[in-house]
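Below is one structure, written out as structure tokens; comments come after it.
Atoms considered below: every heavy atom in the structure, side chains included; atoms not considered: hydrogens, waters and symmetry mates. In this text the structure is predicted, and so the values were computed from the model without any measurement.
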Amino acid sequence: AAEAHDCMIAMGGPVIDGEGFFDAVMLALPDGQMVVHRSTHPSNDRAWASPADQDPPMIRTPFGLMALLTGDELLLPEPARGLSVRGAELVITVAAIDTPVPIGLPATHVPLATGLLEKDPLHWCLPRVRAAENNTWLAFANNGRLPSGIFGPSFYRSPRREETAF
């Protein structure tokens with residue numbers, strides 16, 4: 001499908017490699033290649049998954065250097081930071097996570113001309129925070145309670161340059 005439509009398609013799920021089961025993110029590329037990243041830090045609710053021993057792959061594309069992470073890896077700050085240090089501009093994360101629950105920010109009473117003035121129920125939302133702390137874009141596809149979306153590297157810029165989906 002990625003070849004036929006000249007696009008990239010990200011998906012996640014279990015993979016079998018040798019005798020091990022892994023939680024993984026796969027990226028189908030327009031040239032027919034399939035890039036697979038096996039999670040290095042599967043959570044306790046994925047007890048069936050073995051931790052992988054390879055760094056997440058970096059994929060050079062016409063629009064920047066991309067990398068892959070699982071949702072469990074996004075829960076920890078180090079995997080995303082490692083990708084940022086390696087030069088990732090866009091991190092693609094396929095997840096099935098419900099926590100941490102976003103923490104909202106109330107509207108300000110300070111008479112500001114611009115900025116974050118209105119109530120923001122998703123202010124401290126994990127994918128938004130990871131994108132900002134690592135100065136990367138983060139495409140987050142989640143089959144859980146956290147909103148999916150594309151989150152930008154500027155946490156306090158207003159208006160935000162991101163899209164969310166529930």
Side-chain angles (χ1 to χ4, degrees), residues 1-15 17 22-43 46 49 51-100 102-103 116 120-166:
E3 282 181 274
H5 297 286
D6 193 30
C7 67
M8 295 179 202
I9 301 172
M11 62 213 94
V15 296
D17 188 1
F22 299 90
D23 188 21
V25 176
M26 286 90 33
L27 183 67
L29 302 175
D31 64 5
Q33 291 184 66
M34 179 72 73
V35 179
V36 178
H37 166 57
R38 299 174 305 170
S39 178
T40 56
H41 295 82
S43 66
R46 287 173 183 61
D53 59 0
Q54 297 175 345
D55 288 335
M58 304 291 278
I59 306 110
R60 188 160 305 282
T61 70
F63 52 88
L65 194 56
M66 296 175 28
L68 304 173
L69 280 183
T70 65
D72 290 343
E73 292 171 312
L74 197 65
L75 293 170
L76 305 169
E78 293 85 2
R81 178 57 50 94
L83 295 175
S84 174
V85 168
R86 291 172 54 202
E89 298 167 277
L90 171 65
V91 176
I92 298 171
T93 304
V94 178
I97 57 177
D98 294 324
T99 59
I103 299 171
L116 300 174
D120 181 3
L122 298 175
H123 186 73
W124 296 101
C125 181
L126 177 67
R128 178 186 281 171
V129 170
R130 288 289 182 260
E133 56 188 25
N134 294 298
N135 198 33
T136 61
W137 288 90
L138 190 122
F140 183 69
N142 188 39
N143 185 23
R145 290 189 184 129
L146 296 180
S148 296
I150 299 173
F151 299 90
S154 182
F155 192 66
Y156 293 106
R157 178 176 291 150
S158 179
R160 290 203 169 97
R161 298 178 348 202
E162 64 187 25
E163 293 296 325
T164 57
F166 291 92

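- The two residues Val94 and Ala10 make their nearest non-hydrogen contact at CG2-CB, 4.0 Å.
- Here Leu69 contributes atom CG and Ile92 contributes atom CD1; the two are 10.0 Å apart, rounded to the nearest 0.5 Å.
- Under the 3.5 Å distance criterion, the side-chain polar atoms of Asp98 are matched with a main-chain donor or acceptor of Arg145.
- In terms of heavy atoms, Pro100 sits closest to Leu146 at O-CD2, 3.1 Å.
- Atom CZ of Arg130 sits about 12.0 Å away from atom CD of Glu73, to the nearest 0.5 Å.
- Between the CE atom of Met8 and the CG atom of Leu29 there is a distance of 6.0 Å, given to the nearest 0.5 Å.
- Of all the heavy atoms in Gly152 and Ala131, the pair that sits closest is O-CB, 3.4 Å.
- Residue Pro127 forms a side-chain contact (heavy atoms from CB on, under 4.5 Å) with just one option from Leu138, Ile150, Ile97, and that option is Leu138.
- When each of Asp17, Asp72, Asp55 is paired with Arg38, the salt bridge (Lys or Arg N to Asp or Glu O under 4.0 Å) condition holds for Asp17 and for no other.
- Thr93 places no side-chain N or O within 3.5 Å of a backbone atom of Gly71 that could act as its donor or acceptor partner.
- In this structure, CZ on Arg81 lies 9.5 Å from CG on Asn135, to the nearest 0.5 angstrom.
- Taking CE of Met58 as the reference point, atom NE2 of His37 lies at 11.5 Å (rounded to 0.5 Å).
- Tested against Pro147, the residues Asn142, Leu122, Leu126 include a single side-chain contact (heavy atoms from CB on, under 4.5 Å) partner, Leu122.
- For Glu78 and His41, the side-chain atoms include no donor-acceptor pair closer than 3.5 Å.
- Minimum heavy-atom separation, Ala88 to Ala67: CB-CB, 4.1 Å.
- Annotation: the span from Ile9 atom CD1 to Met26 atom CE amounts to 12.0 Å, rounded to 0.5 Å.
- Of all non-hydrogen atoms in Met66 and Leu27, the two that sit nearest each other are CE-CD2, 3.7 Å.
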Full working for side chain to side chain contact (heavy atoms under 4.5 Å, CB included) between Thr136 and Leu83: CA-CA 9 Å; Thr136 61; Leu83 295 175; over 6 Å; no

Working for side chain to side chain contact (heavy atoms under 4.5 Å, CB included), residues Val36 and Phe22: CA-CA 11 Å; Val36 178; Phe22 299 90; over 6 Å; no

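- The two atoms that bring Trp137 and Pro153 nearest to each other are CE2-CD, 3.5 Å, heavy atoms only.
- Ser39 and Asp23 form no side-chain donor-acceptor contact under 3.5 Å, judged by distance and modelled atom types alone.
- Counting non-hydrogen atoms of other residues, nucleotides and ligands closer than 6.0 Å to CG of Asn143 gives a total of 12 or fewer.
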